[in-house]
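Computed from heavy atoms alone, side chains included, the values below leave out hydrogens, waters and symmetry copies. Just so we're clear, the structure is a prediction, and the values are computed from it rather than from any experiment. In what follows, chains are A, B, ... by sequence order, proteins preceding strands, each numbered from 1.
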Amino acid sequence: MSGTMVASWNPEEVLPLSFYERETTLVAKELLGHYLFHRHPEGMVAGRIVETEAYLGQNDPACHSCRGITPRCKSMFGTAGRIYVYIIYGMYYCFNITTDMPEVPAAVLIRALEPVEGIEIMRKRRGKNKLRDLCSGPGKLATAMGFDKTFDGQSLLTGPVGVSPGKLSPEERIITAPRIGISKAVDWPLRFYLAGNQFVSKK
DNA sequence: GATTGGATCGCCT
DNA sequence: GGCGATCCAATCG
């Protein structure tokens with residue numbers, strides 16, 4: 001046995017509804033270190049979550065649900081632990097996880113993953129070779145993971161996409177910072193990422 | 001029906 | 001660091 005600690009994860013075990021059905025900021029922080037996977041006919045792809053952002057619902061001016069329910073953001077309304085996917089800039093998808101109690105239309109944007117499985121599939125989908133270029137941004141990881149609008153509304157507890165438990169190593173620290181790319185509530189500290197991690201989207 | 005802007009990325013300088 | 005791509009969705013009328 002070598003002394004190397006190999007990160008392990010098990011797609012048969014997924015985070016329960018009670019994990020997601022809590023205040024969104026807490027869920028966004030605690031998602032760091034867990035494993036997002038997609039069981040696809042082409043093969044399993046998975047990554048370790050290293051960067052997230054919280055979108056708090058109707059009192060958050062940057063959240064799509066802040067002006068009430070629309071066709072785009074309807075998935076944030078209702079049960080937690082489901083997928084919210086929307087199209088951004090006409091060309092990319094953003095993958096979110098719905099959170100909090102059913103009456104709170106909130107979600108966590110997954111902004112970056114460390115690729116851990118199905119890396120050749122990711123390379124093919126992205127047309128990029130370097131590990132750091134595969135999932136280091138919300139649009140990139142959606143492409144690499146094979147997510148599109150058809151996943152909108154699906155459950156993370158029963159379907160081909162889910163989150164499996166992982167751990168932070170003792171030396172890993174969480175950085176809190178303002179969210180990226182928004183024009184409202186620009187200084188709200190709702191972005192979370194692992195300090196020094198090479199797979200986060202921006203320093 | 002028209003207008004406007006966007007939770008991004010990649011290429012260019 | 002700057003900017004164009006590209007088109008959907010929300011808003012206004």
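Closest to the A/K128 side chain, of the nucleotides B/dG10, B/dT8, C/dT11, is B/dG10. Taking every side-chain heavy atom of A/K149 into account, C/dA9 is the closest of B/dC9, C/dA5, C/dA9. Nearest nucleotide to the A/K140 side chain, out of B/dG10, C/dA9, B/dT8: B/dG10. Taking the side chain of A/I87 as heavy atoms from C-beta on, and the options C/dC8, B/dT8, C/dA10, the nearest nucleotide is C/dC8. Checking C/dC8, C/dA10, B/dC9 against every side-chain atom of A/R126, the shortest atom distance belongs to B/dC9. When distances are taken from the side chain of A/R72 to each of B/dG6, B/dG10, C/dA10, the shortest belongs to C/dA10. Closest to the side chain of A/Y92, from the set C/dA10, B/dC9, B/dA7, is B/dC9.
For A/G137 and A/G90, each mapped to the nucleotide of DNA chain B holding its nearest heavy atom, the one lying further toward the 5' end belongs to A/G90.
By the 4.0 Å N-to-carboxylate-O rule, A/R125 lies close enough to A/E42 to be salt-bridged with it.
For C/dG4, the paired nucleotide is B/dC9, the pair qualifying as Watson-Crick or G-U wobble because both relevant distances are below 3.5 Å. Summarising the base pairing, C/dT11 is matched to B/dA2 through a Watson-Crick or G-U wobble pair whose two defining distances lie under 3.5 Å.
Here A/Y89 lies parallel enough and close enough to stack on the base of B/dT8, with planes under 30° and ring centres under 5.5 Å apart. In this pair, A/Y55 lays its aromatic ring flat on the base of B/dA7, centres within 5.5 Å and planes under 30 degrees apart.
Per the geometry, CG belonging to A/D133 stands 17 Å off P belonging to B/dT8, to the nearest Å. Between the CG atom of A/N96 and the C1' atom of B/dG6 there is a distance of 14 Å, rounded to whole Å. Rounded to an integer number of Å, the gap from OH of A/Y93 to C1' of C/dC7 is 11 Å. A straight line from CD of A/E53 to P of B/dG6 spans 15 Å, rounded to a whole angstrom. Protein atom NZ of A/K130 is 13 Å distant from nucleotide atom C1' of B/dG10, rounded to whole Å. If you take NZ of A/K202 and C1' of C/dG1, they are 12 Å apart, rounded to a whole angstrom. One can place CD1 of A/I69 at 13 Å from P of C/dT11, the figure rounded to the nearest angstrom. Separating the NE2 atom of A/H64 from the P atom of C/dT11 is a distance of 11 Å, rounded to the nearest angstrom.
Using a 4.0 Å heavy-atom cutoff across all strands shown, A/I88 reaches sugar-phosphate atoms only and no base atom.
Between A/Y84 and A/C73, the closest side-chain pair of non-hydrogen atoms falls below 4.5 Å.
Comparing C/dT6 with B/dA2, their P atoms sit 22 Å apart, to the nearest whole Å.
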A/R111 and A/S201: CA distance, side-chain angles, deciding distance, side-chain hydrogen bond (donor to acceptor under 3.5 Å, both in side chains) verdict: CA-CA 7 Å; A/R111 281 196 59 91; A/S201 64; 3.1 Å; yes
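Residue A/S201 places no side-chain N or O under 4.0 Å from the OP1 or OP2 atom of B/dT8. One finds no side-chain N or O of A/T70 lying less than 4.0 angstrom from the OP1 or OP2 phosphate oxygen of C/dA9.
Note that A/R22 lies in the cation-pi zone of A/F19, set by a 6.0 Å cut-off to the ring centre and a 45° limit from the axis.
Side-chain atoms of A/S75 and A/D152 form a donor-acceptor pair, as typed in the model, at a separation below 3.5 Å.
Ring centroid separation for the pair A/F147 and A/F95 comes in under the 6.0 Å cut-off.
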